[in-house]
Amino acid sequence: MSILTLGIIGGGQLGSMLASAAKRINIKTVILCDDQDAPGQKFSDDFVCGNYDDEKKINEFVEKVDIVTFEFENIPFETLNKINKVKKVLPKPIINKIVQNRLFEKDFINSCNIKTTLYDSIKNDKDLKSKINFIPGIIKTCSFGYDGKGQHKINSIKELDEINLDYNQDYIIEKFIDLKKEISVILTRYGNQKFEIYEPIENNHEDQILKNSKIPAEINNEILEKSKNYAKIIADKLDHIGTLCVEYFIDKEDNLYVNEIAPRVHNSGHLTINSHNISQFENHIRAVCNLEKKKTKKISNAQMINLIGNEILTYRNKKYSDHEFFFDYFKKDIKPKRKMGHLTILKK
Ligand code: ADP
Ligand code: MG
């Protein structure tokens, strides 16, 4: 019999993988998603389809569960706050409010004495035109961006002059970094200062979308220790419960900058399903459900390849050896730049 029922907001691939991990440790799951074709419902015990501000649907969902978590950040803060008054939401809603806005997020990271890229806010054309010092730079919407959506690279004053921004939204401009590498650190915080932390993961992006990830990351020991330490500082300061990912940039001089924080399970941690005794998903569920923390150990080095758009078609028909693990997200439609599945290869 299940010990308790976990509500998951969002029914994409992360919700699916959370629900599968929950099943293995006897936790029932109910997914709330605004997409009636959400793949997560194939993996959860129950499914409620509704918008994230539909009070009736949210109440229906809340009544079915003991505790609530989420697979993505862009849930209205008001919704999480309301739910939290009835059933505990973990991580805490306020954490989401910080990371939903790139400006608040970067201000927060700097308040921990941890470096980000140089950034500034843009609210109008006057702000925009004054940002010459940030060239080459990237303009990003403060909210709702993912996989490079809402981003514009600015290479020259001419491009800064010519860009047309819709000021119904706020933006930031960030100095462009000549990247040597990108890494991420995933940890799970169980409260009372106890962590399970995975080793840094090396990430390779194409078109601003994560293409592959691998462990071990090829980085020096100082960056390895620093990146793990910063992630712990951030999680502690947020009083985060559950899995959290910190994405980093490393420049050509080996400076380490935090790029962004995801207060949730993360694409770069998919390889932990096969490379570790306990995945980022199981750790997340254990932490938010207040279960016993178990020592997380690496079983194997690994590489993960994201299958984007049409790529999924060839992979669906391939044969795999016993150290290759193919995951199909069962999304209804294939679209360019959409993450459709992934392959993890265990390595010596
Ligand atoms: P998203 O929320 O879409 O993931 P990110 O800010 O993480 O947005 O940007 C996506 C990717 O674009 C990064 O992983 C990195 O490869 C590239 N990128 C973003 N900002 C910068 C920057 N300031 N300098 C260099 N590359 C960047
Ligand atoms: Mg990112």
Side-chain angles (χ1 to χ4, degrees), residues 10 12-14 70-75 95-110 114-122 131-156 159-160 163 169-186 200-214 217 219 227 230-231 234 243-270 280 304 306 308 335-339:
Q13 62 268 27
L14 298 173
F70 45 85
E71 67 146 17
F72 73 115
E73 292 96 312
N74 286 324
I75 304 156
I95 298 178
N96 248 30
K97 189 162 184 168
I98 296 170
V99 304
Q100 271 176 5
N101 184 300
R102 293 188 197 273
L103 191 62
F104 300 164
E105 183 183 37
K106 288 189 194 317
D107 287 349
F108 164 75
I109 295 160
N110 283 283
I114 296 170
K115 254 201 273 176
T116 60
T117 56
L118 204 64
Y119 64 99
D120 208 349
S121 113
I122 296 177
K131 299 296 183 281
I132 294 168
N133 291 346
F134 289 80
I135 298 170
I138 303 191
I139 295 176
K140 302 180 181 178
T141 51
C142 280
S143 313
F144 302 114
Y146 66 97
D147 290 345
K149 290 188 174 68
Q151 302 194 5
H152 311 270
K153 174 100 192 286
I154 304 290
N155 298 301
S156 62
E159 284 181 16
L160 190 71
I163 189 165
Q169 299 187 72
D170 289 345
Y171 301 84
I172 59 162
I173 185 160
E174 259 182 66
K175 190 96 178 163
F176 189 77
I177 295 204
D178 196 8
L179 292 173
K180 179 174 172 185
K181 252 180 221 303
E182 292 186 71
I183 59 167
S184 55
V185 170
I186 293 177
I201 301 161
E202 183 168 333
N203 300 317
N204 186 21
H205 290 77
E206 279 172 20
D207 256 353
Q208 287 150 309
I209 302 177
L210 182 66
K211 186 56 194 151
N212 39 60
S213 296
K214 67 168 187 184
I219 50 175
S227 61
Y230 287 171
I234 288 169
T243 294
L244 171 137
C245 174
V246 181
E247 293 180 26
Y248 296 94
F249 293 149
I250 303 170
D251 71 10
K252 299 267 159 59
E253 281 80 45
D254 274 343
N255 293 303
L256 184 66
Y257 307 88
V258 170
N259 170 27
E260 56 179 352
I261 312 167
R264 53 166 171 83
V265 289
H266 190 261
N267 190 174
S268 62
H270 289 0
Q280 61 162 351
M304 188 265 337
N306 264 340
I308 294 164
K335 288 189 190 164
K337 298 195 172 188
R338 178 177 268 189
K339 293 169 181 167

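Atoms within each ligand, like the ligands themselves, are counted from 1 in listed order.
Contacts of N203 with ligand 1, taken as heavy-atom pairs under 4.0 Å, are absent altogether. Within the 4.0 Å heavy-atom criterion, the part of K175 lying near ligand 1 is the backbone and not the side chain. Counting heavy atoms under 4.0 Å from ligand 1, residue I177 touches it through both backbone and side chain.
Taking distance alone, with nitrogen or oxygen atoms compared against 3.5 Å, T117 stays at or beyond that limit from ligand 1. Every N/O-N/O distance between L179 and ligand 1 stays at or above 3.5 Å. In terms of polar-atom proximity, K149 is not counted as a contact of ligand 1, lacking any N or O under 3.5 Å from an N or O of the ligand. Looking at F176 next to ligand 1, no N or O pair under 3.5 Å apart turns up.
Relative to atom 8 (O) of ligand 1, the option among Q151, E206, E174 with the closest non-hydrogen atom is Q151. The residue from K140, K153, Q208 that puts a heavy atom closest to atom 6 (O) of ligand 1 is K140. Here atom 16 (O) of ligand 1 lies nearest to E182 when heavy atoms of E182, H205, E247 are compared.
Under the side chain to side chain donor-acceptor pair (under 3.5 Å) test applied with Q208, the options Q151, K153, K337 reduce to a single match, Q151. Put simply, the residue from I201, I219, V246 that forms a side-chain contact (heavy atoms from CB on, under 4.5 Å) with I183 is I219.
At least one donor-acceptor pair under 3.5 Å links the side chain of E159 to the backbone N or O of N155. Between the side chain of N110 and the backbone N or O of K106, at least one donor-acceptor pair lies under 3.5 Å. Checked by atom type and distance alone, the side chain of N259 never pairs as donor or acceptor with a backbone atom of E247 at under 3.5 Å.
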So D147 and K339, salt bridge (Lys or Arg N to Asp or Glu O under 4.0 Å) or not? Walk me through it.
CA-CA 10 Å; D147 290 345; K339 293 169 181 167; 3.0 Å; yes
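Protein heavy atom closest to atom 3 (O) of ligand 1, with residue, atom name and distance, is G148 N, 2.6 Å. Looking at atom 1 (P) of ligand 1, its nearest protein heavy atom turns out to be E260 OE2, 3.4 Å.
Within ligand 1, counting atoms from 1 as listed, the ones closer than 4.0 Å to a heavy atom of D147 are 1 (P), 3 (O), 4 (O). In summary, the atoms of ligand 1 found under 4.0 Å from a heavy atom of G145, numbered by their order in the structure, are 2 (O). Within ligand 1, the atoms closer than 4.0 Å to a non-hydrogen atom of I138 are 18 (N), 19 (C), 20 (N), 21 (C), 22 (C), 27 (C), numbered from 1 in the order shown.
Counting non-hydrogen atoms of other residues, nucleotides and ligands closer than 6.0 Å to NZ of K175 gives a total above 12. Around the NZ atom of K335, the shell of radius 6.0 Å holds no more than 12 heavy atoms that belong to other residues, nucleotides or ligands.
For the pair K140 and Y171, the cation does not sit on the ring face, since its NZ or CZ is not both under 6.0 Å from the ring centre and inside 45° of the axis.
Here the side chains of I186 and L244 are not in contact, with every heavy-atom distance at 4.5 Å or above.
Between the Mg ion (ligand 2) and the N, O or S atoms of E247, the shortest distance is to OE1. For E260, the N/O/S atom at the shortest distance from the Mg ion (ligand 2) is named OE2.
In this model, no donor atom of one side chain and acceptor atom of the other lie less than 3.5 Å apart for N204 and S213.
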